[in-house]
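Any value given below was found using the heavy atoms of this structure, including those in side chains, with hydrogens, waters and symmetry copies removed. Order of the sequence lines sets the chain letters (A, B, ...), proteins ahead of strands, with each chain counted from 1.
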Amino acid sequence: MLDPQLLRSDIDSVASRLSARSFSLDAAGFRAIEEERKAVQVRTQELQSARNQFAKRIGQAKVKGEDVAGLMAESSRANAELSDLEMRLEAVQRRLQDFMLEVPNIPHASVPAGKSADDNAEMRRAGSPRRFTFTPKDHVDIGAQLKQLDFDTAAKIAGARFALMKGPLARLHRAITQFMLDVHTQEHGYTEIYAPYLVNAKSMEGTGQLPKFEADLFAVPRGEEGKFYLIPTAEVPVTNIVRDEIVPLESLPLKFVCHSPCFRSEAGSYGKDTRGMIRNHQFDKVELVQIAHPQKSYEQLEQLTGHAEEILRRLELPYRVVTLCTGDMGFAAAKTYDIEVWLPGQNAYREISSCSNFEAFQARRLQARFRSEKGKPELVHTLNGSGLAVGRTLIAVMENFQRADGGIDIPPGLHPYMGEIKTITP
RNA sequence: GGAGAGGUGACGGAGCGGUUGAACGUGCCGGUCUCGAAAACCGGAAUACGCGCAAGCGUAUCGUGGGUUCGAAUCCCACCCUCUCCGCCA
């Protein structure tokens, strides 16, 4: 959510900055609601003040044993208008809130303008794609030949967009997870978190998935009306740790790492990446989350992105980093770096991590604050990034380290996590 | 699933339906004292929002939402959460 003060004071410049991400802000609509809010609120508060005065006078008179019937009648009359106004105020505030919740974040000044992924700016490349002496296969074929990656059985058990791994490949998947967690906790200073995979609507709203993106989520019913949502990323439970909290200044930045399964309905991506494990309803991810001082958050974004890159360097996987353009960024982000790993099977770089600074956009929804140097509570900045998506990392290892005989070499960094097994062979 | 207890400020803990945003204590900040500290004493301190150039004024907030009332932290209802016991369970 954006700062309501900013919208009130300078909605036109907000609108123009949002147009870069092809969001058209209804400035006139906002002004109209805001004007009504102001009028209704002022009047309501006047009446409330009058009511409080009456109540106070009646109380005082009663103590003295005076007759208060007249005052009470007068007060009743004055209150008649109030309940109606209070309802109107509530309604207009809800409309304002609804409006605000649908407005995306303002892109940071350093974000390149653009409409689609084609306009993203490549920042750097690391490693160079391996030259194969044979035609490289993609992970689906490699996995099938090894009989360790089975989409048919997964489809029988659950449906499309699920995967089933067996034996050494399943272990490799686990090894990758452990490796990432160890690097981030032991070398990058993150605190490991284990968090709920089902969360309430409030948490989803805090990080921005709700109300706008309900269709992307899975939910399970709970009780009469309520429901739990399955987390689409550990960002949700972990960032919500600081919801409604005021954290001490000296504790910043908070750095959390959390491995979790992620559940996404992938509504609207029919026909996209249907082959293999690129885009599944369920996948594992190691997520990095930072709660930062507002003046440090962009510094922290560079650092966090570097932490994610370090995993790829250790696994000897070629990658590049791109800055998402205004049109390609997520709803809540002010700036995003995507890290894309080289996939020989697709002959392309594919996203394996997305590192974003949300500035105060999430913090405002979360009411996540810190006590500033002046002793006043101020909104924190929140950041997160994948460090990394486990399934896609597995794919990258399979495709980049595949052998002519259909086997897979294990990158040296993972040997300790594989019981020193160095190859997976057919 | 059954039975019970409880949710008040950073924390502990009061609070006959009426000048209660909330006693008291601890902690915190400033000051006096001191070479310095401790102790003691004095003083200060919630958050959000609205109106206003400002000084300031007003509104809301005692788990959440509704209700009763001229007036609710205090009464009623529903829900959420925490704790204890029983049952079940990894």
Handout entry: Note: Glu214(A)-Lys227(A) ion pair, threshold 4.0 Å (strictly below)
Key = yes
Handout entry: Pair Arg365(A) + Glu205(A): basic N to acidic O under 4.0 Å
Key = no
Using the [atom1] atom in both, what is the distance from [N] to [M], to the nearest Å?
| N | M | atom1 | answer |
| --- | --- | --- | --- |
| rG67(B) | rU61(B) | P | 13 Å |
| rU34(B) | rG18(B) | C1' | 49 Å |
| rC85(B) | rG27(B) | C1' | 36 Å |

May I ask you to evaluate whether [X] reaches the phosphate of [N], defined as a side-chain N or O under 4.0 Å from OP1 or OP2?
| X | N | value |
| --- | --- | --- |
| Lys38(A) | rG50(B) | no |
| Gln60(A) | rG71(B) | no |
| Arg8(A) | rC49(B) | no |
| Ser49(A) | rG58(B) | no |
| Asn52(A) | rU59(B) | yes |

Which base sits across from [N] as a Watson-Crick or G-U pair, both distances under 3.5 Å?
| N | value |
| --- | --- |
| rC89(B) | none |
| rA39(B) | none |
| rU61(B) | rA46(B) |
| rG4(B) | rC83(B) |
| rA73(B) | none |
| rC51(B) | rG56(B) |
| rU34(B) | none |
| rA23(B) | none |

Just compare [options] and give me whichever is closest to any side-chain atom of [X].
| X | options | result |
| --- | --- | --- |
| Val42(A) | rG71(B), rG50(B), rU47(B) | rG50(B) |
| Ala55(A) | rG58(B), rG18(B), rU19(B) | rG18(B) |
| Gln48(A) | rU47(B), rC51(B), rU59(B) | rU59(B) |

Identify whether any heavy atom of [X] sits under 4.0 Å from a base atom; if not, whether one sits that close to sugar-phosphate; answer base, sugar-phosphate or nothing.
| X | result |
| --- | --- |
| Gln93(A) | nothing |
| Arg37(A) | sugar-phosphate |
| Arg369(A) | sugar-phosphate |

Handout entry: Glu66(A)-Gln60(A) side chain donor-acceptor pair, cut-off 3.5 Å
Key = no
Problem - Side-chain donor-acceptor pair present, Thr382(A), Gln362(A), cut-off under 3.5 Å - result: yes
Handout entry: Value in whole Å for how far the P atom of rG58(B) lies from CZ of Arg51(A)
Key = 15 Å
Handout entry: Along RNA chain B (nearest heavy atom to each residue), the more 5'-positioned of Thr44(A) and Asn79(A)
Key = Thr44(A)
Completion exercise
Residue pair Met72(A)/Lys376(A) against RNA chain B: nearer the 5' end by closest nucleotide is Lys376(A)
Handout entry: Base rG18(B) paired with Lys62(A) side chain (donor-acceptor, <3.5 Å)
Key = yes
Problem - Presence of donor-acceptor pair under 3.5 Å, side chain of Gln41(A) and base of rG50(B) - result: no
Completion exercise
Nearest heavy-atom contact between Pro426(A) and Gly406(A) is CG-C, 4.0 Å
Completion exercise
For Met204(A) and Ile231(A) the tightest heavy-atom approach is CE-CA, 4.0 Å
